[in-house]
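This report concerns only the one structure given below.
Keep in mind it's a predicted model, so treat the numbers as computed, not measured. The figures that follow rest on heavy atoms only: side chains count, while hydrogens, waters and symmetry mates do not.
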Amino acid sequence: MRRCFAQAVFVVALRASLSAAYRAAAGEFAPHTDALSAHTDATDVYGVFAVFCNAGGLGLLLGEAGTEAWAALAASCPAGRAPAIQALVSVGMAHANPEFVECMVQELEEQAVAVALLQPSLLADCVAGFAQGIDHRNPRIRTVSVAALGALASSGAIGGSLRECVVNLLVGVLGDSDTFVREIAASTLGQVGVAVAYDGALLEVIVDSLARTLGDSHIFVREASVKVLGRVGAMEGIDRRLREVIMETLAHALFDHNSNVARSAARALEFIGSLDAIDQDARTAIVGELVRGMSAGDMSLSRASAYALGQIGSIHAVGGRLRQLIVESLALAMRDRTGNGPGFQAARALGAIGTSSSVDGRQLERVVEHLARGCRNFAGDVRRSSAHALGDICARRAGVGGLQDLMSEQLARTLHDPVADVRVEAISALESVAPIIAVDGGTRRVIVEMLGRALGDDSAAVRRRAAEALGVICSKAALDNSLRGLILNNTTHALNDVDSRVRESAAVTLAKIGLGAGAVVMHRTIVEALAPALNDSAFVVRTASARALRELGTDPSIDSELLGVIAAHLTQALGDRISSVRRASVEALGMVGSARRIDQGGGKLMVGGLRQALNDSDFLVRRTSVMALHAIGMKRFIGDDVVVDVLSVALLDRDAIVRSASAQALARIGSGTIDSSLPEAIVEKLSPLLRDRSASVCQASAMALGQIASRETIGADLSRV
């Protein structure tokens, strides 16, 4: 059986190519069949396969065929992995196929623990075999062997002297001639270090070896070691002295000549410094190194250090004095005038500290003062970040009391900044501040007035953001009618802006104004403002206006007369030349018609408009019209027979999707109507669709008929039909 299997595998490989090398290999196969016959395990095809693929260099010829055969056997005979690995080790890797070894290593990584439980004696063989692999001339085999050793050492399957042997082997690979092999070895040692955290002596060997790699000539190796040291140093329960060694090593790496390595070191120190478990002295040392890094000339390092300080300063475990040191250091960094410094990142870091609930009132006041000065900084990116940070603090620390006024005043001044992006950020911050300011104060009115003036800004981006902010304030804050009226007046003027995006935002804001409590008196004014916008030159404005009328029309407080006016405007918009506008108008009619009962004239106008939309050139408009009619019909605000007659037109649509949607809509209306004669009429209309040229329409019609037939009140004769 073993010989037949080996021959079969060889034939598979032979068929993969008819090259001279394969034909020559066939002549050399006979001597190896004797070796295969002598294999001791009579039942293990895996062992035969492993010997065959590595004996006499035939593995090099098998190539992908051998790898595919291995994968197939792995699925069918998982119990054979252990002897297969033993066979690979016994033959050695001198003539091994790299693809085959990689495939076997992957299996080993996935099954290391299971194999060890089944056959613990195999582990020493595995280590011996992959120890050969790390000395192989092929770097790919060295790489996968390193990964396999790491999987064994970190799996918990081995321990004691064998694990120590694996660690020493991996440490030796750190001197490999190949850069990628050294990088993988460093990462693998970190993986092992996390697994052996309880073994102080072994962890110390790993840390010392990784520290030495910081002198490696290649940045990838140094960066990998720095990241690993950060993970190990951030583990809880490791020896204090060892953590100090890691911190000193990372502090040295903080000033590496490569910015990627330095940035990774800052990030690693941040991980360690954010731990609640470390003592205050260690955290203070980390902060000191990061402050040094922030003042370094390297832009990437200084910004990474500023970010790390912000993260450390925002945790609860940081003491008052240390947080004060962090805050003042960041404030000093914001004044950097080189243009390449950490100023904007320092402002963001102060914002992260200010939003933390662990910061007391006095410290928060200092943060706000520094950010207020940052809004007057010479650098635009610092001013922008400072304004953003102030908005975040006020939004998340609603109980900051009098600081709200200070922040609002500073943000108001920032609205006059010469850089448009800074003004936009100030508006975003004011948008966050306004809803949480005390109603009895005048600050909210001041903010609304400032945003109203921003609608006349030279920058279209600023004007658009101001219009959006006014809408957010209307939807989130409890505004009196005078303040809401002020916003309405400013936003109505914005509908005449030269920029279409500003007009679009103004239309959206008008809907939000009308949805607020006490806004009933403004409904007619809003509708009169939005109606002309349905004829705007920009389709995005027309679409936004249709959607705004939809939102307003679904408000329960709007009177029925005005609802008819909205329906008339939306029906008129169904003749727009842009399909997206027509589709938005159809959606609006459906939502308005299904939300409220309107008078008979308005209902006929609405259904007539939707009937018109069923003849639209865009199938999406037609399908949306069917859905709108279905929504209206289900609410019974308009006679079922009227809606059914209109939907019947859609059953003849040229698009199968529209016909299917119409059949489903008719079924739902027919199954829920109280008119006993209506289901019969619907059945007559749906029956021809059972022979439709589209299978999806036939299916939809059959399901629709079944839904109607399930009605308890339906007659027996109709049910049979």
Side-chain angles (χ1 to χ4, degrees), residues 266-267 269-291 293-294 303-335 342-377 382-411 414 425-426 428-430 432-438 443:
R267 187 72 171 160
L269 286 171
E270 173 205 328
F271 289 152
I272 300 174
S274 299
L275 286 175
D276 291 336
I278 70 170
D279 56 67
Q280 204 68 358
D281 291 340
R283 187 176 283 113
T284 302
I286 290 174
V287 168
E289 294 298 336
L290 290 172
V291 169
M294 191 169 55
R303 292 177 179 177
S305 299
Y307 175 84
L309 286 170
Q311 297 304 304
I312 294 174
S314 62
I315 65 174
H316 290 271
V318 175
R321 290 186 177 181
L322 185 56
R323 183 176 284 119
Q324 182 179 356
L325 171 63
I326 294 173
V327 168
E328 298 304 324
S329 299
L330 290 170
L332 184 62
M334 288 171 61
R335 303 173 194 169
F344 80 93
Q345 190 64 66
R348 292 179 181 178
L350 283 173
I353 294 172
T355 57
S356 173
S357 58
S358 61
V359 179
D360 60 35
R362 176 57 187 161
Q363 290 175 334
L364 182 58
E365 185 176 350
R366 290 292 295 166
V367 169
V368 171
E369 289 174 357
H370 290 312
L371 289 173
R373 280 196 290 272
C375 289
R376 302 189 294 273
N377 194 280
V382 176
R383 299 196 300 274
R384 182 173 62 250
S385 297
S386 298
H388 181 84
L390 285 174
D392 279 350
I393 291 172
C394 201
R396 300 185 189 182
R397 301 290 301 274
V400 295
L403 290 179
Q404 289 175 340
D405 293 334
L406 172 62
M407 287 187 277
S408 301
E409 292 173 6
Q410 183 54 59
L411 292 171
T414 308
E425 202 61 65
S428 299
L430 287 170
S432 302
V433 172
I436 59 177
I437 291 178
T443 306

Problem - Close side-chain approach of Leu290 to Ile312, heavy-atom, < 4.5 Å - result: yes
Exercise for the section: Hey, could you give me the CZ/CZ distance between Arg373 and Arg335, rounded to the nearest 0.5 Å? Expected result: 6.0 Å
Handout entry: Pairing residues for Ala349 by the side-chain contact (heavy atoms from CB on, under 4.5 Å) criterion, not counting sequence neighbours
Key = Leu330
Exercise for the section: Side-chain contact test, heavy atoms from C-beta onward, threshold under 4.5 Å: evaluate it for Cys375 versus Leu390 and give yes or no. Expected result: yes
Problem - Closest non-hydrogen atom pair between Pro342 and Ala306, with its separation - result: CB-CB, 4.1 Å
Practice task
Return yes if some donor-acceptor pair links the side-chain N/O of Gln311 with the main-chain N/O of Ser274 below 3.5 Å, else return no.
Solution key: no
Practice task
State the CD-CG distance between Gln345 and Leu350, to the nearest 0.5 angstrom.
Solution key: 10.5 Å
Handout entry: Any residue meeting salt bridge (Lys or Arg N to Asp or Glu O under 4.0 Å) with Arg384, in chain and number order, not counting sequence neighbours
Key = none
Practice task
For Arg362, check side-chain contact (heavy atoms from CB on, under 4.5 Å) against everything at least two apart and list the hits.
Solution key: Asp360, Glu365, Arg366
Fill in the blank from the handout: Minimal heavy-atom distance between Met334 and Gly343, with the atoms involved, is CG-O, 3.7 Å
Exercise for the section: Start with the C-alpha distance between Ile393 and Leu371, add both sets of side-chain angles, then the distance that settles side chain to side chain contact (heavy atoms under 4.5 Å, CB included), and finish with yes or no. Expected result: CA-CA 10 Å; Ile393 291 172; Leu371 289 173; 3.5 Å; yes
Problem - Intermediate values then yes/no, side chain to side chain contact (heavy atoms under 4.5 Å, CB included), Glu328 and His370 - result: CA-CA 9 Å; Glu328 298 304 324; His370 290 312; 3.3 Å; yes
Exercise for the section: Return the minimal non-hydrogen interatomic distance between Glu270 and Ala308, and the atom names on each side. Expected result: CB-CB, 3.6 Å
Exercise for the section: To the nearest 0.5 Å, tell me how far Ser386 OG sits from Glu425 CD. Expected result: 10.0 Å
Completion exercise
Ile353 and Leu309 have their tightest heavy-atom pair at CD1-O, 4.4 Å
Problem - Gln280 side chain to Arg283 side chain, donor-acceptor N/O pair below 3.5 angstrom - result: yes
Fill in the blank from the handout: For Met294 and Ser329, the nearest pair of non-hydrogen atoms, with its separation, is CE-O, 3.5 Å
Practice task
Could you point out which residue of Ser314, Ser358, Ser356 forms a side chain to side chain donor-acceptor pair (under 3.5 Å) with Arg323?
Solution key: Ser358
Exercise for the section: Would you give the length of the straight line joining atom CG of Asp281 to atom CD1 of Ile286, rounded to the nearest 0.5 angstrom? Expected result: 11.5 Å
Exercise for the section: Identify the heavy atoms of Ala429 and Gly391 that sit nearest to each other, and give their distance. Expected result: CB-CA, 3.6 Å
